[in-house]
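Order of the sequence lines sets the chain letters (A, B, ...), proteins ahead of strands, with each chain counted from 1.
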Protein chains: 2
Amino acid sequence: MVQLERYVRRYDLDGLLSADLVASLRPFRRGPGELIIRSGDPVRDIVFFVEGRAKAYGTMNNGQSVLAAFYAPFDVFGEAELFSSRRYALSVEAITGSICLCLPVDALLKAAPRNYRLFMYLCGRLGSKLTDRFAAESINLRYPVESRLASYLLASTDDCGRLLGTDDLGELADFLGASYRQLARVVRRFRDDGILDKSRGRVRLIDRRKLAPLAGDSYIQTGTNVKPGSFSK
Amino acid sequence: MVQLERYVRRYDLDGLLSADLVASLRPFRRGPGELIIRSGDPVRDIVFFVEGRAKAYGTMNNGQSVLAAFYAPFDVFGEAELFSSRRYALSVEAITGSICLCLPVDALLKAAPRNYRLFMYLCGRLGSKLTDRFAAESINLRYPVESRLASYLLASTDDCGRLLGTDDLGELADFLGASYRQLARVVRRFRDDGILDKSRGRVRLIDRRKLAPLAGDSYIQTGTNVKPGSFSK
DNA sequence: CCTTCGATAGGACATACGTCCTATTTTTGC
DNA sequence: GCAAAAATAGGACGTATGTCCTATCGAAGG
């Protein structure tokens with residue numbers, strides 16, 4: 001059984017939610033590759049993401065998919081559709097074993113007047129999601145894959161050269177809005193220039209300094225999160 | 001002097017805002033081409049858009065701009081950045097003479113506990129903005145300009161063939177993430193096929209039925225707005 | 001009415017990128 | 001340890017698209 005209490009304390013959820021809402025939280029687990037949210041389903045719950053790593057993507061009529069974001073705790077899914085389309089727009093998939101807390105929408109709506117803090121938090125998170133996506137979108141639209149990869153590496157790499165979002169070329173291609181083939185070409189060039197290291201479809205950054213001149217605009221630093229604590233008092 | 005009262009009534013703003021917030025609304029006007037919001041400025045106000053037409057765009061380091069959206073009343077600007085970056089991410093420019101009502105952020109924060117409805121509305125609007133953008137972005141990324149133009153025309157054209165968003169080829173190119181040149185090529189082809197009419201950089205749709213097979217996924221119908229009234233009761 | 005100027009239309013060319021396919025390497029099963 | 005299968009790397013080719021530039025058109029001014 002999941003230690004619900006533990007997550008409530010860790011993320012200060014009782015500062016964010018009224019007591020009755022905290023009481024109606026229901027936890028669930030998902031293994032790697034399993035869906036946390038299926039695009040198109042009706043929005044019955046707001047989902048708090050408290051453990052693991054996940055990614056969100058949309059699928060188009062022609063079968064292609066576009067990777068929208070990578071997530072790490074603490075985060076929320078489903079807020080975007082709650083008051084608009086009422087159906088999940090994107091699928092969210094667990095990358096590693098993950099734990100989520102469901103908040104039923106009907107309970108939320110009933111308790112709305114006592115939960116303005118939650119809404120403030122949701123506004124904040126929605127705001128960052130929106131501006132982040134617009135930034136990423138603009139880059140994908142206006143810069144060649146080389147610049148996009150450079151920007152991505154600069155933005156989501158730690159000091160040891162580890163990739164935070166993904167180091168898988170296939171996923172990266174989806175995220176950067178490029179074909180696998182084209183991304184592979186660029187990666188090859190970067191490797192020849194000693195910028196990164198590649199083996200078996202995984203990349204690792206070697207030389208950060210060589211990237212700056214290649215990147216145009218920057219993707220938003222992963223983790224520009226609004227913390228739930230900000231509104232607890 | 002602007003009839004503030006009139007807009008409060010028309011859009012049921014006293015159902016959305018507590019009385020003291022309604023009292024702190026300050027109206028202003030902008031002429032065609034004037035900025036309503038300048039990207040980069042600190043967010044001191046949430047702006048309600050009550051009269052006119054406007055467009056939002058971002059500018060990149062390399063000088064290129066990306067058109068994000070066209071707006072008609074009723075709408076809000078500035079909610080996205082309010083709790084996150086605190087600086088306007090996009091510029092908003094009046095297309096026609098426009099009227100807005102400013103709500104100072106400090107007043108809003110002070111009155112937050114009594115204004116959960118406003119936050120619910122903002123969540124709804126932010127949610128649509130986010131899903132709309134993601135849809136547009138995916139299309140721009142994965143389909144050729146021909147499909148994008150077809151989708152755009154299908155989504156934002158009234159029965160008489162009038163363009164709702166813009167009929168200016170330059171603006172359209174920015175919105176569709178294409179170069180003017182490429183868009184012109186496609187427009188030419190469409191005109192040759194009797195799909196649309198063009199003169200002096202303006203387009204008008206003639207034959208709606210020929211478009212469907214060309215469009216892949218669809219841009220969201222302009223005006224999938226969350227109405228402020230939805231939360232008034 | 002003719003000239004000048006700005007805007008629009010379109011040609012020419014280069015290329016970033018996507019699709020398709022094959023060779024190589026790595027993994028898996030026995 | 002070897003064969004079969006899967007994954008990865010990269011070649012070949014076509015094209016959608018961007019950049020640059022010129023011709024044409026319409027408006028404005030004298």
Side-chain angles (χ1 to χ4, degrees), chain A residues 32-33 60-67 136-152 163 166-193 195-204 214-217, chain B residues 33 60-67 136-152 163 166-193 195-204 213-217:
Chain A
M60 319 193 62
N61 293 338
N62 62 4
Q64 295 188 87
S65 69
V66 180
L67 238 183
E137 172 196 358
S138 304
I139 294 175
N140 286 343
L141 219 51
R142 301 296 192 176
Y143 286 93
V145 175
E146 172 170 295
S147 309
R148 293 183 232 167
L149 179 59
S151 300
Y152 178 82
L163 278 286
T166 186
D167 61 351
D168 177 272
L169 282 193
E171 278 191 338
L172 206 44
D174 277 346
F175 186 74
L176 298 181
S179 66
Y180 184 93
R181 186 66 191 86
Q182 180 64 10
L183 182 61
R185 273 192 273 254
V186 175
V187 165
R188 174 80 141 87
R189 220 179 306 147
F190 278 17
R191 192 182 52 176
D192 290 349
D193 296 349
I195 296 177
L196 54 75
D197 193 27
K198 185 185 69 160
S199 66
R200 200 113 18 80
R202 311 260 142 186
V203 290
R204 200 168 50 82
L214 298 174
D217 287 59
Chain B
M60 318 194 60
N61 293 337
N62 61 5
Q64 295 187 88
S65 68
V66 179
L67 238 183
E137 171 195 359
S138 303
I139 294 175
N140 285 344
L141 218 50
R142 301 296 193 177
Y143 286 92
V145 175
E146 171 170 294
S147 309
R148 292 183 232 166
L149 179 59
S151 301
Y152 178 81
L163 278 287
T166 186
D167 62 350
D168 177 273
L169 282 193
E171 277 191 340
L172 206 43
D174 276 347
F175 186 74
L176 297 180
S179 66
Y180 184 92
R181 185 66 190 88
Q182 180 64 6
L183 182 60
R185 272 192 274 254
V186 176
V187 165
R188 175 80 142 86
R189 220 178 307 147
F190 279 17
R191 193 182 49 177
D192 291 349
D193 295 350
I195 297 177
L196 54 74
D197 193 28
K198 185 184 69 161
S199 67
R200 197 101 24 74
R202 311 259 144 186
V203 290
R204 200 168 50 82
L214 297 174
D217 288 60

[N] [atom2] sits how many Å from [X] [atom1], rounded?
X: B:I139; N: D:dA16; atom1: CD1; atom2: P; result: 19 Å
X: B:R202; N: C:dT8; atom1: CZ; atom2: P; result: 8 Å
X: A:E171; N: D:dT8; atom1: CD; atom2: P; result: 12 Å
X: B:R191; N: C:dT8; atom1: CZ; atom2: P; result: 14 Å
X: A:R189; N: D:dG11; atom1: CZ; atom2: P; result: 13 Å

> What are the two closest non-hydrogen atoms of A:L141 and B:G177, and how far apart are they?
Replying inline: CD2-CA, 3.6 Å
>> Testing the basics here: between A:Y152 and A:T166, what is the closest heavy-atom pair and its distance to 0.1 Å?
In response: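 That closest heavy-atom pairing would be OH-N, 3.1 Å.
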> Using a cut-off of 4.0 Å between protein heavy atoms and nucleotide atoms, how would you tag nucleotides 16-22 of chain C 5' to 3' with B, S and -?
Replying inline: SBBBB--
> How about B:R204 and B:L196: do any of their side-chain heavy atoms sit closer than 4.5 Å?
Replying inline: no
>> Looking at B:R191 and B:D197, is there a salt bridge between them, counting it only when a charged N and a carboxylate O are closer than 4.0 Å?
In response: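 So B:D197 does not pair with B:R191 through a salt bridge.
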>> Going by salt bridge (charged side-chain N to carboxylate O under 4.0 Å, His left out), name the residues that satisfy it together with B:R189, two or more places apart in sequence or in a different chain.
In response: B:E146
> Would you say C:dT8 has OP1 or OP2 under 4.0 Å from some side-chain N or O of B:K198?
Replying inline: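 Checking C:dT8 against B:K198, no side-chain N or O comes under 4.0 Å of OP1 or OP2.
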> Is the backbone of B:E137 close enough, under 3.5 Å, to the side chain of B:R142 for a donor and an acceptor to pair up by distance?
Replying inline: no
> Is there a donor-acceptor contact under 3.5 Å from the side chain of A:D193 to the main chain of A:I195?
Replying inline: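 No, the answer is negative, given that no donor and acceptor are paired below the 3.5 Å cut-off.
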Filtered N/O pairs between nucleotides 23-28 of chain C and protein, under 3.5 Å:
{"unit_1": "C:dT27", "atom_1": "OP1", "unit_2": "A:R200", "atom_2": "NH1", "d": "3.0"}

> Which residue, B:N140, B:L67, B:L183, forms the side chain to side chain contact (heavy atoms under 4.5 Å, CB included) with B:F175?
Replying inline: B:L67
